[in-house]
2 protein chains.
Amino acid sequence: MIKVAIAEDHQSLIDGIDLLLKYEEDITLVGTANDGKALLELIQEKKPDVILMDIKMPKIDGITATKSITAQHPNMGVIAFSMFDQEDAIQQMIAAGAKGYLLKNSPLEEVLTAIKAVHKGDTFFDKAIDPSYIAVQDNISSGKSLLSKSEREILTLIGQGKTTSEIAAIRFTAVSTVEKHRKNMIRKLGLSGKGELLRYALEKKYDF
Amino acid sequence: MIKVAIAEDHQSLIDGIDLLLKYEEDITLVGTANDGKALLELIQEKKPDVILMDIKMPKIDGITATKSITAQHPNMGVIAFSMFDQEDAIQQMIAAGAKGYLLKNSPLEEVLTAIKAVHKGDTFFDKAIDPSYIAVQDNISSGKSLLSKSEREILTLIGQGKTTSEIAAIRFTAVSTVEKHRKNMIRKLGLSGKGELLRYALEKKYDF
DNA sequence: GTATCCATACCCATTACAGGGTATTTGTGT
DNA sequence: ACACAAATACCCTGTAATGGGTATGGATAC
């Protein structure tokens with residue numbers, strides 16, 4: 001019996017998947033969450049074998065949640081279930097530890113196939129995904145990014161509307177340190193002008 | 001027997017709805033489309049009674065498709081089925097002739113209720129929608145919105161990264177006039193703090 | 001006529017952010 | 001060891017955005 005959890009902000013889609021799973025004798029849906037935070041709480045209790053994970057969700061996004069889950073529960077299989085078919089999205093989910101990636105544009109039945117494959121220890125990728133996006137897994141583990149860890153963290157906080165002094169308080173640094181990080185990011189990203197960093201933070205969050 | 005068509009770019013959601021409708025003896029799904037254009041072709045042939053209409057779709061969006069359908073087939077009931085819960089989206093779909101509006105965040109079962117209600121000649125609106133968005137139907141024809149025409153235009157330019165002085169030059173007004181518009185928007189939208197207007201402009205960019 | 005909103009334009013003040021740097025220490029790779 | 005990036009912290013400057021107002025004229029509704 002495969003225990004499955006679903007994280008997806010659109011309840012209607014969860015309900016559809018629920019209908020699909022209802023007649024699968026070897027799969028049981030043990031819980032659902034409409035945001036990343038609720039999911040993390042749910043899995044502590046329900047201990048699912050496989051998790052169907054949306055990317056774009058309130059509170060904690062799917063990539064972040066996947067990282068957390070695969071770190072704490074390496075035996076739980078995470079399958080991304082997303083509208084995003086871009087390379088960056090796919091690579092980030094794989095880097096986060098996802099064992100599968102399904103597109104919402106594909107038939108719902110694929111979900112069953114993916115769940116069974118991932119539970120068996122295999123990986124499963126939607127046929128509509130360009131295989132080259134998956135093949136570059138070797139580069140993913142190096143996790144290289146244009147921005148440093150601190151820069152990415154600050155960018156996230158900027159996207160949340162925090163002022164530089166608020167960010168400094170959150171990170172226990174001087175305001176000038178945060179400003180320097182901002183300048184570094186602006187330089188690296190080739191931006192210029194007031195508000196461009198905020199624009200970048202907001203437009204790139206889900207712009208894979 | 002209610003003939004239903006679905007326009008939705010996410011096939012997985014269509015499949016979920018299909019599963020739901022399968023056991024409804026008085027409803028039959030006569031066709032599905034993954035974009036607005038395919039839908040318009042489909043309905044010429046299949047003549048559905050009720051159409052479940054996504055808003056954000058490739059080729060022809062749901063609002064445009066709804067306008068076209070209600071103009072040519074005033075007896076077909078269109079139900080919006082969308083992630084967008086904002087007043088503007090709702091009012092635009094209603095103005096386009098939709099007889100119902102469902103949110104994807106809501107349980108899938110609502111679809112059944114809405115189809116039956118609209119087929120009966122009633123309207124049906126998701127309980128999660130603020131009633132004031134629906135109640136102001138009389139104002140819809142005038143296209144009333146929280147923000148004035150000038151304000152919306154300026155907000156768009158803000159979202160494009162234009163500075164206040166750039167916007168002033170574009171609109172042939174003083175900088176102070178644009179600033180005043182900004183203040184009015186901030187007040188109306190209940191925002192506060194630097195960058196919040198830009199955040200609002202960007203976060204609503206895909207929404208309405 | 002009054003009230004309200006929109007549009008235009010101005011006054012003042014504060015500050016957050018960008019732009020230009022400087023410096024030191026630590027960490028990492030070769 | 002050297003080179004480079006990251007992290008931390010500071011200096012200075014300029015200005016765009018917000019926050020608090022003022023005022024006038026036009027349009028609309030009652």
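Computed from a predicted model, the values in this text were never measured in an experiment. Within every chain, numbering begins at 1; the chains are lettered A, B, ... in the order of the sequence lines, protein sequences first and strands thereafter.
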Distance-only donor-acceptor check, side chains A/Thr177 and A/Arg171, under 3.5 Å: no

Phosphate-side-chain proximity, B/Thr164 and D/dA17, N/O vs OP1/OP2 below 4.0 Å: yes

Below 4.0 Å: OP1/OP2 of C/dT8 and any side-chain N or O of B/Ser176: no

Touch class at under 4.0 angstrom, heavy-atom based, for B/Ser165 against every strand present: nothing

Value in whole Å for how far the P atom of C/dC10 lies from CG of B/Asn184: 16 Å

Check: B/Asn184 and B/Leu147 side chains under 4.5 Å, non-hydrogen atoms: no

A/Thr177 vs D/dA9: side-chain N/O to OP1/OP2 distance below 4.0 Å: yes

Polar side chain donor-acceptor pair, A/Ser68 to A/Gln72, under 3.5 angstrom: yes

Nearest-nucleotide comparison on DNA chain D, the residue closer to the 5′ end among A/Lys188 and A/Ala174: A/Lys188

4.5 Å side-chain heavy-atom contact, B/Thr164 and B/Arg182: yes

OP1 or OP2 of C/dC6 under 4.0 Å from side-chain N/O of B/His181: no

Between P of D/dA17 and CG of B/Leu191, the distance in whole Å: 15 Å

Sugar-phosphate, base or nothing in reach of A/Thr173, heavy atoms under 4.0 Å: sugar-phosphate

Touch class at under 4.0 angstrom, heavy-atom based, for B/Ile186 against every strand present: sugar-phosphate

Whole angstrom value for the distance that separates C1' of C/dT15 from CD of A/Glu166: 13 Å

C/dT8 base / B/Lys180 side chain donor-acceptor hit below 3.5 Å: no

Sugar-phosphate only, base, or nothing, as touched by A/Leu197 at under 4.0 Å among non-hydrogen atoms: sugar-phosphate

Interatomic distance, A/Met185 CE vs D/dA5 P [rounded to whole Å]: 17 Å

Short side-chain N/O contact to D/dA7 OP1/OP2 from A/Ser150, under 4.0 Å: yes

Donor/acceptor link under 3.5 angstrom from B/Lys194 side chain onto base of D/dA17: yes

Gap between atoms CD and C1', on A/Glu151 and D/dA5 respectively (whole Å): 10 Å

No-hydrogen, no-angle side-chain donor-acceptor test under 3.5 Å, A/Asp61 and A/Thr64: yes

Protein-nucleotide distance (A/Leu155, atom CG; C/dA18, atom P), rounded to Å: 11 Å

Pair A/Thr156-A/Gln160, side-chain donor/acceptor within less than 3.5 Å: no

Given DNA chain D, 5'-ward residue of the pair A/Lys183 and A/Arg187, judged by closest heavy atom: A/Arg187

Distance, rounded to the nearest Å, where A/Ile158 contributes CD1 and C/dA16 contributes C1': 12 Å

Residue B/Arg182, side-chain heavy atoms: nucleotide from C/dC17, D/dA7, D/dT18 that is nearest: D/dT18

A/Arg171 vs D/dA7: side-chain N/O to OP1/OP2 distance below 4.0 Å: no

For atom CG of B/Leu147 and atom P of C/dA7, their distance in whole Å: 10 Å

